[in-house]
Amino acid sequence: MFPLKQKHSFAVDVNAKQVIEIDSIGALQSLVWKNDTYILGEGTNTIFTEDFNGQLIINRLSGIEIKESETGWHVYAAAGENWHKLVVKLIGLGIYGSENLALIPGSVGAAPVQNIGAYGVEVATFIDRVEVYDCKLHVQTTLSHEECEFAYRDSIFKRPAHWHWFITGVHFFFPKAWQAVLGYPDLASLASDATAEQIMSHVIKIRQQKLPDPARVPNAGSFFKNPVIPQADCQRLQADFPGIPVFLQANGECKLAAAWLIDKAGLKSLSVGGAAVHERQALVLVNRNNASGADILSLAEHIQTNVRERYGVELEPEVRLLNDYGLIYS
Ligand code: EPU
């Protein structure tokens with residue numbers, strides 16, 4: 001049995017039957033894919049709720065290559081590289097674009113899966129193509145930006161039909177024609193001519209103030225996605241709950257702030273066993289004191305039920321929850 005407490009940032013004290021660390025494509029070639037195989041990066045968006053009886057494979061591929069062209073920089077990063085270290089390296093080299101995405105925990109390979117995003121920027125903007133290794137057919141393929149089907153915290157890599165795709169690396173393109181993205185309320189205090197370095201420092205500061213450091217208070221970032229609902233439902237909510245934050249989407253739908261819904265429902269002080277709602281960011285659940293998987297699932301369900309009854313809105317998990325066999329999908 002392999003302890004998983006140090007392998008995922010929610011730090012539930014459970015074990016895995018088998019763990020294989022992949023540090024070369026060669027190691028993938030001898031892998032036998034099973035229905036209970038799960039691919040893990042740094043484990044910052046995955047929560048093991050019980051002992052995992054399947055085969056866990058961990059992405060440890062490393063390497064970064066940067067090529068300059070007339071219009072921008074082509075950056076290739078192997079999937080096992082740390083995302084934040086890549087951001088710091090790029091900004092240090094004068095390659096701008098990812099500054100709003102600083103300090104997001106996790107690996108480069110996990111970035112396209114979730115289409116990580118923060119402060120008005122999503123990583124998909126800079127992804128040119130993604131290299132994958134098909135663990136069933138044992139072939140390598142490349143997916144173009146379009147083929148990745150990026151959407152809000154979503155991509156083709158999340159579909160069950162593609163869980164056997166092991167992301168080996170990501171090709172990014174950062175144009176030289178850089179423009180700061182400063183529209184998010186948390187960045188309002190920055191000057192309109194803020195540099196990428198200043199934006200990165202500011203983002204790091206806000207994240208350190210608002211979000212708990214997983215190394216000290218185990219957590220997996222936002223536990224739920226921000227719900228996107230039809231405009232008619234949104235108008236009903238605006239009438240019933242004046243001041244509710246609403247972000248109009250390009251397709252006319254409305255994105256709500258799940259943190260606000262949870263907070264204003266009075267759920268910020270809620271805890272079940274060792275699992276609790278974080279006191280500064282209601283969208284983040286934390287492992288305050290040796291939480292069990294059952295504590296986490298019960299706390300999440302309690303929040304979902306409350307939010308459904310109060311606002312008529314469904315909260316969907318943003319984290320990936322695993323039981324003894326694999327991903328739990330409700
Ligand atoms: N709010 C509350 N109570 C709280 C926290 C926030 O009422 O306890 C309100 C805020 O005042 C604001 C709104 O809720 O009006 C949104 O809050 P915030 O700007 O902190 O962002 P968020 O929507 O909760 C999203 C991402 C974060 C990302 C931030 C910043 C998702 C699921 N979460 O959170 O991403 O860092 O925006 O861009 O989209 C993650 O995915 O793990 C993550 C942390």
Side-chain angles (χ1 to χ4, degrees), residues 8-10 41-47 83-84 87 98-107 110-125 150-155 158 181-190 199-200 202-214 217-229 237-238 241-249 253-270 276-286 300 303-304 306-307 310-311 313-321:
H8 70 309
S9 63
F10 214 93
E42 292 183 21
T44 56
N45 204 50
T46 292
I47 304 178
W83 170 257
H84 176 65
V87 172
S98 63
E99 55 281 352
N100 295 43
L101 305 177
L103 216 62
I104 295 183
S107 63
V113 179
Q114 283 291 106
N115 183 16
I116 56 169
Y119 309 104
V121 174
E122 286 185 348
V123 75
T125 315
F150 291 120
Y152 166 62
R153 291 296 192 281
D154 195 30
S155 74
K158 285 182 116 181
V181 178
L182 298 171
Y184 203 84
D186 279 341
L187 306 185
S189 63
L190 286 168
I199 297 170
M200 182 172 77
H202 188 76
V203 164
I204 290 173
K205 202 174 79 192
I206 309 169
R207 290 190 77 97
Q208 285 172 339
Q209 278 167 2
K210 289 197 174 175
L211 298 165
D213 175 2
V217 184
N219 74 88
S222 299
F223 193 93
F224 299 105
K225 287 191 207 174
N226 282 327
V228 179
I229 61 166
L237 283 171
Q238 281 176 307
F241 302 96
I244 184 171
V246 168
F247 307 94
L248 191 62
Q249 304 298 287
E253 291 188 317
C254 297
K255 194 195 270 180
L256 304 174
W260 189 95
L261 301 177
I262 297 168
D263 190 349
K264 298 299 178 284
L267 301 172
K268 232 177 178 172
S269 53
L270 200 66
V277 177
H278 183 58
E279 63 277 7
R280 270 172 294 148
Q281 225 303 2
L283 194 48
V284 177
L285 304 190
V286 295
I303 294 170
Q304 284 170 311
N306 249 275
V307 166
R310 187 176 161 92
Y311 308 100
V313 170
E314 280 306 317
L315 288 184
E316 231 184 272
E318 195 259 352
V319 292
R320 312 186 97 194
L321 295 157

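Indexing begins at 1, ligand by ligand and atom by atom, following the structure's order.
Contact annotation: for Gln281 versus ligand 1, heavy atoms closer than 4.0 Å belong to both the backbone and the side chain. Neither the backbone nor the side chain of Gln114 comes within contact range of ligand 1; no heavy atom lies under 4.0 Å. Within the 4.0 Å heavy-atom criterion, the part of Pro245 lying near ligand 1 is the side chain and not the backbone. Of the heavy atoms in Ala259, both backbone and side-chain atoms come closer than 4.0 Å to ligand 1.
Within the 3.5 Å criterion, the main-chain N or O of Val284 finds no donor-acceptor partner in the side chain of Asn219. Of the possible donor and acceptor atoms, none in the side chain of Arg310 sits under 3.5 Å from a partner among the backbone N and O of Leu261.
Within the 4.5 Å cutoff, the side chain of Ile262 has heavy atoms near those of the Phe224 side chain. Here the side chains of Leu101 and Trp83 are in contact, with some heavy-atom distance below 4.5 Å. Under the 4.5 Å side-chain criterion, counting only non-hydrogen atoms from C-beta, Ile303 is in contact with Leu285. Looking only at side-chain heavy atoms (C-beta outward), Lys158 and Val113 come within less than 4.5 Å of each other. The shortest side-chain heavy-atom distance between Arg280 and Lys210 does not fall under the 4.5 Å cut-off. A heavy-atom distance below 4.5 Å is not found between the side chains of Pro218 and His8. In this structure, Leu270 and Asn306 have side chains that are not in contact, with every pair of non-hydrogen atoms separated by 4.5 Å or more. Within the 4.5 Å cutoff, no side-chain heavy atoms of Val123 are placed close to those of Ile104.
Shortest contact from atom 44 (C) of ligand 1 to any protein heavy atom: Ser222 OG, 3.3 Å. Nearest to atom 36 (O) of ligand 1 among the protein's heavy atoms is Arg207 NH1, 3.2 Å. In terms of protein heavy-atom proximity, atom 35 (O) of ligand 1 is closest to Arg153 NH2, 3.0 Å.
Interface of Asp263 with ligand 1, defined as ligand atoms under 4.0 Å from a residue heavy atom, comprises 2 (C), 3 (N), 4 (C), 7 (O), 8 (O). Taking a cut-off of under 4.0 Å to the non-hydrogen atoms of Gly221, the atoms of ligand 1 that pass are 42 (O). Listed by number with element, the atoms of ligand 1 under 4.0 Å from a non-hydrogen atom of Lys268 are 4 (C), 8 (O). If you number the atoms of ligand 1 from 1 as listed, the ones under 4.0 Å from a heavy atom of Lys264 come out as 7 (O). Per-residue contacts place Ala257 under 4.0 angstrom from the following atoms of ligand 1 (heavy atoms of the residue considered): 13 (C), 14 (O), 16 (C). Heavy-atom proximity to Phe224, at under 4.0 Å, picks out these atoms of ligand 1: 32 (C). Within ligand 1, the atoms closer than 4.0 Å to a non-hydrogen atom of Leu283 are 24 (O), 32 (C), numbered from 1 in the order shown. Under a 4.0 Å criterion applied to the non-hydrogen atoms of Ala118, ligand 1 contributes the atoms 36 (O), 38 (O).
Of the options Glu314, Glu318, Glu316, a salt bridge (Lys or Arg N to Asp or Glu O under 4.0 Å) to Lys225 is made by Glu316 and by none of the others. The side-chain contact (heavy atoms from CB on, under 4.5 Å) test with Tyr119 singles out one residue from Asp186, Leu182, Val181, and that residue is Asp186.
For atom 26 (C) of ligand 1, the nearest protein heavy atom lies under 4.0 Å away. Within the 4.0 angstrom cut-off, atom 30 (C) of ligand 1 has one or more protein heavy-atom neighbours. The protein reaches atom 38 (O) of ligand 1 closely, with a heavy atom under 4.0 angstrom from it.
Figure legend: Lys255 and Tyr152 shown as a cation-pi pair, the cationic atom lying under 6.0 angstrom from the six-membered ring centre and within 45 degrees of its axis.
The closest heavy-atom contact to atom 18 (P) of ligand 1, among the options Trp260, Tyr152, Tyr184, comes from Tyr184.
Residue contacts with ligand 1 leave out His278, since none of its heavy atoms falls under 4.0 Å from the ligand.
Residue Lys225 places no N or O, backbone or side chain, under 3.5 Å from any N or O of ligand 1. Ligand 1 has an N or O atom lying under 3.5 Å from an N or O atom of Asn226, backbone or side chain.
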